[in-house]
Structure formats: structure tokens, C-alpha cells
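In what follows, a single structure is set out as C-alpha cells and then discussed.
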Amino acid sequence: MDRPCVPDCDSSPCRLAVVVPCYRVGRQVAEVLAAIGPEVWRIYCVDDACPERSGRLVEELSQRDPRICCLTHPRNLGVGATVVTGYRQAIHDGAEVIVKLDGDGQMDPARIPELVEPILRGQADYVKGNRFFDLEGLRSMPLPRLLGNAGLSFLSKLSTGYWTLFDPTNGYTAIHAAVARRLPLDKLSRRYFFESDILFRLNALRAVVTEVPMDACYGKEASSLSLVKSLLQFPFCHARNFSKRILYNYFLRGFSMASINLLAGLALLVLGLVFGTVEWIHFAERNSLASSGTVMLAALPVILGCQLLLSFISFDMANIPREAIYPRLQSRSSRPLKRTVESATGSADRAPYPPQ
């Protein structure tokens, strides 16, 4: 990374880079790259030791499009490590905004301007897609993916602190390059937990994250993500990040009434449950009924503990970052980052991206 990956291109209103992970996308990546419009400054395709040799195809395409740069992993490292490789190269080359776009054809490149607009306006530091916004469009999503994403979305809210976000496994994202530079890239998950893990790290930076509604588009491509492995591994990863987030935000970086509510609520809840269980066993062995006072001594701490924990959750939900880390991005050109119908197709010999 001692020199820029591709020649400078000043035709775009800002240095907008796109990172395309390439693994088993040999049949779709050419169409995806052809649909990326002229508003994109550079395209980084990262071949993650693809058995279909996607990198060789990308190298051929780079002869026709000088924006395309092919980076190669000698062995398969995972989608998270692939995106990090693209981030590093884009940051080194001076990108201002970085978009992550999968090469399997499930994400429409024509939505790139819409995805980066909140960042250019200074309204967000990170933007992601949300396939659950349009209920009619969900009919095309396979049922296992629909149920899995819905369940993981709630766990993601707990672990990341972004309670208003949904569809955490959506990989169509855009990030301010200055924010990406502050992320601990070496600590991010290397596999499919990457999208949720980066949200946890962004919350630690107090970055503003927003969503852009988009349609779910599924063809005959096979997903490399195993639903069974996700259901077994993701809950553990979310629990780990949740513990870290609570420790960082409410005890190491600051101490507030929310911290007291959490500690007192947990203590009262545990006390009430333990006392109630012991007394229930005691009276069950004697085959007698507990007095009303004993019942209240067990129930009251549980009720107060739950109330304090609900108060903590309410505070946590209201504690979502709302002010972007960096001010409005000053683009090098006064032209808006919008695509016309002609620019979306590129030219007469370039096939437009299939409508969703």
C-alpha cells in the first residue's frame, strides 16, 4: 500500500470508493461492476481466495475500467477481513466515503448515491440498508432468512445500543472514511458477524448510524452464510459485545443514575428470586403455606428490581448518538451526487442493473 491502487479520477463530486468482496461471485460480479455509475471514484475488489477465480475476471475488467483495483488474499480470511482490506486500501488512497457492496448481485449499485447522501449532508457517520422497511418487498426473501434476521435484529439492538436499527446482517453500507480510520480494524470480526460487530465499535465512538430503505432482491445465488451456525454463534457474540458496551459506557467512561439503576435492579432482582426460591422450598418441605409477609418479602424486591431495570433500558434507548462525529463533508465539486437515468446505465453498451 505504498502507492495509490489506481490513477486519480476527479470526475466524481467526492472521493467515493466502493469495496466489493469477491468469493464465489464469478457469475455475478461482472454485472455488478458494470452497473456502478460514474459517481464512484474507485472500486476495490477483494478476492478472498475465491475458488471461482473472481480475481482473474476482475483483472480483465480493470483493463476496461481504470477505477477497478483487484486486491487478493492468499487464503480465505472471511468477509469481515475482506472488507477491512478494502477499507485500509481506500483510506490509504485518500477516499472520503467508502461503500461496501456485495458482488453477488443482491444489492443494486444504483442506490449508492442514496446510501451516501446522509454522510455527505453531515447527518450520519455510517449508513446501512434496511430490507424490512417495505413489507411488500419481503415476499421475495426466503422464510429462513426472514426469521433469522428478525431474531438477530433484537439481539443486535441490545449489543450495539442502536435501538432504532433493524436488519443488522444487511451488508450494503457506507461509512465516512475518517470514522473508518478511527475504528480498531484489527479487532473487527473476520467472518459474517462483521456487520453487527462494526455497529458495536461505532457505538463506542458515539457515531451516528442511520438506515436507508431498500428492496430485498434474491436470485438463484447460494448464500455462504449458514443459518445454523449463525443461530449458534451470533447470540454468544452479541452477549459478549453487550457486556463490553455496558461496562464501557456506564462504568468506565462515566457513572450516572442509569448505572445505579442497573446495579440496584440486578441486586434486588437476584435477592428476591433467591429468597423466594429458598422460602418456597422450605414451606414445600413442611407442606404449609407461606405467610403474606414472606410472600411480599420475596415479591417486592423482584418488582422493584424489574422496575429499575426497565428504567435503565429506557435510558439506554434514549442514549443513541444523534450528532455526527464529523461536520458536513466538503466535496471537491459543487455538483450534487445524483444519478440520471443515462448515468445509471453508463452507456448504450452497458446493461442496466436489473430492477428490483
Side-chain angles (χ1 to χ4, degrees), residues 130 132 135 143-169 189 193 195-197 199-204 206 209 211 227-322:
N130 183 358
F132 289 81
L135 299 181
L143 183 60
R145 294 188 184 184
L146 181 63
L147 297 177
N149 276 289
L152 292 175
S153 291
F154 179 74
L155 295 180
S156 179
K157 294 174 184 289
L158 286 171
S159 67
T160 66
Y162 291 107
W163 289 90
T164 58
L165 300 183
F166 210 68
D167 195 12
T169 59
S189 174
F193 192 66
E195 282 83 9
S196 297
D197 200 29
L199 289 174
F200 161 71
R201 300 292 177 179
L202 288 168
N203 184 273
R206 300 297 295 170
V209 179
E211 292 181 326
L227 180 61
V228 176
K229 289 184 178 180
S230 299
L231 293 177
L232 293 177
Q233 297 176 0
F234 280 22
F236 170 79
C237 295
H238 280 301
R240 178 197 61 198
N241 284 355
F242 173 74
S243 302
K244 289 182 178 179
R245 183 176 71 85
I246 297 302
L247 179 63
Y248 295 164
N249 292 351
Y250 294 100
F251 296 99
L252 297 182
R253 290 181 171 177
F255 195 85
S256 63
M257 282 302 301
S259 308
I260 297 176
N261 287 342
L262 177 60
L263 292 176
L266 287 175
L268 289 171
L269 181 61
V270 172
L271 176 63
L273 291 175
V274 171
F275 177 80
T277 302
V278 171
E279 290 299 312
W280 179 81
I281 295 175
H282 173 70
F283 283 99
E285 290 177 345
R286 297 173 55 183
N287 196 23
S288 62
L289 297 176
S291 65
S292 58
T294 302
V295 173
M296 287 304 300
L297 285 176
L300 187 59
V302 172
I303 295 174
L304 291 177
C306 290
Q307 191 65 34
L308 290 174
L309 290 178
L310 288 175
S311 178
F312 167 78
I313 293 175
S314 177
F315 180 89
D316 190 53
M317 294 178 67
N319 197 32
I320 299 174
R322 303 187 184 279

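Predicted, not measured: the structure shown is a model, and the values here were computed from it. Numbering starts at 1 and runs along the sequence shown.
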Could you go step by step and tell me if S291 and T294 meet the side-chain hydrogen bond (donor to acceptor under 3.5 Å, both in side chains) rule?
CA-CA 5 Å; S291 65; T294 302; 3.0 Å; yes

Chi angles and distances behind the ring pair (Phe, Tyr, Trp, His ring centres under 6.0 Å) call for F200, F242
CA-CA 8 Å; F200 161 71; F242 173 74; over 10 Å; no

Trace of the side-chain contact (heavy atoms from CB on, under 4.5 Å) decision for V302 with L268:
CA-CA 6 Å; V302 172; L268 289 171; over 6 Å; no

Evaluate the criterion side-chain hydrogen bond (donor to acceptor under 3.5 Å, both in side chains) for residue pair S311 and N261; output intermediate values, then yes/no.
CA-CA 7 Å; S311 178; N261 287 342; 3.2 Å; yes

Dump the intermediate steps for side-chain contact (heavy atoms from CB on, under 4.5 Å) on F193 and N241, then the final yes or no.
CA-CA 11 Å; F193 192 66; N241 284 355; 3.4 Å; yes

L269 and C306: side-chain contact (heavy atoms from CB on, under 4.5 Å), yes or no, with the steps?
CA-CA 7 Å; L269 181 61; C306 290; 4.0 Å; yes

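Here the side chain of S288 pairs no donor or acceptor atom with the backbone of A284 at under 3.5 angstrom. Looking at E279, its side chain never comes within 3.5 Å of a backbone N or O of A298 through a donor-acceptor pair.
Rounded to the nearest 0.5 angstrom, W163 CH2 and M317 CE are separated by 6.0 Å. Rounding to the nearest 0.5 Å gives a distance of 9.0 Å between CD1 of I320 and OH of Y162. Expressed to the nearest 0.5 Å, how far OG of S259 lies from CG of L263 amounts to 7.0 Å. Atom-to-atom distance recorded for L300:CG and L304:CG is 4.5 Å, nearest 0.5 angstrom. Between atom CG of residue D197 and atom CZ of residue F234 there is a gap of 10.0 Å, rounded to the nearest 0.5 Å.
Taking all atoms of both residues into account, the shortest heavy-atom contact from I246 to F251 is O-CD1, 3.5 Å. Nearest approach of S196 to T160, heavy atoms of both residues: O-CG2, 3.7 Å. For the pair R201 and K244, the tightest heavy-atom approach, listed with the atom from each and the gap, is NH2-NZ, 4.4 Å. Closest approach of V295 to A290, counting heavy atoms only: CG2-CB, 4.3 Å. Annotation for P168 and S156: closest pair CB-OG, 3.4 Å, computed over non-hydrogen atoms. Of all non-hydrogen atoms in T164 and K157, the two that sit nearest each other are C-NZ, 4.0 Å.
Using a 4.5 Å heavy-atom threshold, the side chains of P321 and R206 count as touching. The closest side-chain heavy-atom distance from H238 to L158 is not below 4.5 Å. A 4.5 Å side-chain heavy-atom check between F283 and L289 finds every atom pair outside the cut-off. R240 places a side-chain heavy atom less than 4.5 Å from the side chain of C237. At least one side-chain heavy atom of L266 sits less than 4.5 Å from a side-chain heavy atom of L309. Taking the side chain as every heavy atom from C-beta outward, L155 and P235 approach each other to under 4.5 Å. Put simply, the side chain of L199 reaches to within 4.5 Å of the side chain of V209, judged on heavy atoms.
Ring centroid separation for the pair F255 and Y250 does not come in under the 6.0 Å cut-off.
Evaluation of the salt bridge (charged side-chain N to carboxylate O under 4.0 Å, His left out) test over residues 298-320, restricted to residues two or more places apart or in two chains, returns R245-D316.
Counted by atom type alone, N319 and N249 present zero donor-acceptor pairs between their side chains at under 3.5 Å.
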